[in-house]
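Working notes, beginning with the structure itself.
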Amino acid sequence: MPKILIVNGPNLNLLGKREPDIYGAKTLDELNRELTKIAKELSLDIEFFQSNSEGELIDYIHKNGFEAQGLIINPGAFTHTSYALRDAISGVGIETVEVHISNVYAREEFRHKSVIAPIVAGHLVGFGLYGYAMALSYFADLKTEE
Ligand code: DQA
């Protein structure tokens, strides 16, 4: 079974409490439970990781990125700033989908630029939590194409 890493960056542990008008009322645990069900239906093996620390995210990708077949990442605000996270993803050479819950292009200007986007397969922006499920479908399809 292909292994897909689902990684959430800073402040996404606050889902459900954090600006619910933007990010919704569901918690990260609730989201992860739903994704677990979807992954089972799609025959994907998934592993979750969340950290507020740039270094921990990078270490996790180094440790797990070579063996896994896919990475779904919402880098939170590191999206806009972290060349180090970008280098970690390209360094392990893992097929990656970037997910943003909100439509970052309809928000503050600093959110319009992703330093991660140029090195990923694609990014899903503004579909709410559904973006994570869409990314899982993408990896399920990739698997059947092989
Ligand atoms: C976010 C958008 C980022 O700009 C923000 O810093 C986040 C969440 C999103 O999912 O919409 O933390 O990545």
Side-chain angles (χ1 to χ4, degrees), residues 2-42 44-66 68-143:
K3 183 162 182 177
I4 310 299
L5 311 174
I6 303 182
V7 173
N8 280 289
N11 301 307
L12 290 158
N13 56 312
L14 293 183
L15 274 184
K17 291 194 195 111
R18 170 192 191 199
E19 300 172 274
D21 47 317
I22 298 175
Y23 299 111
K26 239 174 233 167
T27 66
L28 186 57
D29 277 351
E30 287 167 341
L31 167 66
N32 288 352
R33 272 199 293 276
E34 280 178 18
L35 294 177
T36 302
K37 276 192 215 149
I38 294 169
K40 209 169 172 191
E41 283 161 19
L42 296 173
L44 295 170
D45 181 16
I46 53 174
E47 184 174 292
F48 299 111
F49 184 71
Q50 189 277 329
S51 177
N52 295 320
S53 144
E54 189 176 15
E56 278 179 14
L57 291 165
I58 291 168
D59 287 344
Y60 178 83
I61 290 166
H62 288 177
K63 206 164 154 209
N64 300 282
F66 286 105
Q69 282 67 51
L71 170 67
I72 297 170
I73 187 165
N74 182 343
F78 290 144
T79 304
H80 318 298
T81 60
S82 182
Y83 296 110
L85 188 58
R86 167 187 166 139
D87 284 353
I89 297 168
S90 41
V92 300
I94 191 169
E95 178 89 0
T96 299
V97 175
E98 180 186 344
V99 172
H100 297 288
I101 299 164
S102 65
N103 179 357
V104 284
Y105 301 109
R107 300 181 64 196
E108 302 94 326
E109 186 128 18
F110 75 88
R111 297 187 203 274
H112 298 183
K113 183 171 165 72
S114 166
V115 301
I116 312 290
I119 56 101
V120 298
H123 70 175
L124 291 158
V125 168
F127 292 102
L129 299 183
Y130 191 55
Y132 295 89
M134 291 165 90
L136 277 178
S137 299
Y138 168 73
F139 282 114
D141 258 27
L142 266 193
K143 183 189 65 174

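Values below: all heavy atoms of this structure, side chains included; hydrogens, waters and symmetry mates excluded. We count residues from 1, following the sequence as given. Counting starts at 1 for both ligands and their atoms, following the listed order.
Looking only at distances, a side-chain donor or acceptor of H112 sits under 3.5 Å from a matching main-chain atom of R107. The main-chain N or O of K3 is found under 3.5 Å from a side-chain atom of Q69 such that the two form a donor-acceptor pair.
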Which protein N or O atoms sit under 3.5 Å from any N or O of ligand 1? Give each pair with its distance.
residue  : atom   : partner : partner atom : Å
ligand 1 : 4 (O)  : H80     : NE2          : 2.7
ligand 1 : 4 (O)  : R111    : NH1          : 2.9
ligand 1 : 6 (O)  : A77     : N            : 3.2
ligand 1 : 6 (O)  : R111    : NH1          : 3.1
ligand 1 : 10 (O) : N74     : ND2          : 2.8
ligand 1 : 10 (O) : I101    : N            : 2.8
ligand 1 : 11 (O) : I101    : N            : 3.2
ligand 1 : 11 (O) : S102    : N            : 2.9
ligand 1 : 11 (O) : S102    : OG           : 2.6
ligand 1 : 12 (O) : R18     : NH1          : 3.2
ligand 1 : 12 (O) : R18     : NH2          : 3.0
ligand 1 : 13 (O) : N74     : OD1          : 2.8
ligand 1 : 13 (O) : H100    : ND1          : 2.8

For residues 117-136, run the donor-acceptor check on the side chains, cut-off 3.5 Å, and write out each pair with its distance to 0.1 Å, sequence neighbours left out.
residue : atom : partner : partner atom : Å
H123    : NE2  : Y105    : OH           : 3.4
Y132    : OH   : N8      : OD1          : 2.6
Y132    : OH   : N74     : ND2          : 3.2

Can you give the donor-acceptor pairs under 3.5 Å from side chains of residues 89-96 to other protein atoms, not counting sequence neighbours?
residue : atom : partner : partner atom : Å
S90     : OG   : R86     : O            : 3.0
E95     : OE2  : Y138    : OH           : 2.5
T96     : OG1  : I94     : O            : 2.9

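Among all heavy-atom pairs drawn from F78 and V115, the shortest one is O-CG2, 4.3 Å.
Sorted by first and then second residue, the salt bridge (charged side-chain N to carboxylate O under 4.0 Å, His left out) pairs involving residues 51-66 (not counting sequence neighbours) form an empty list.
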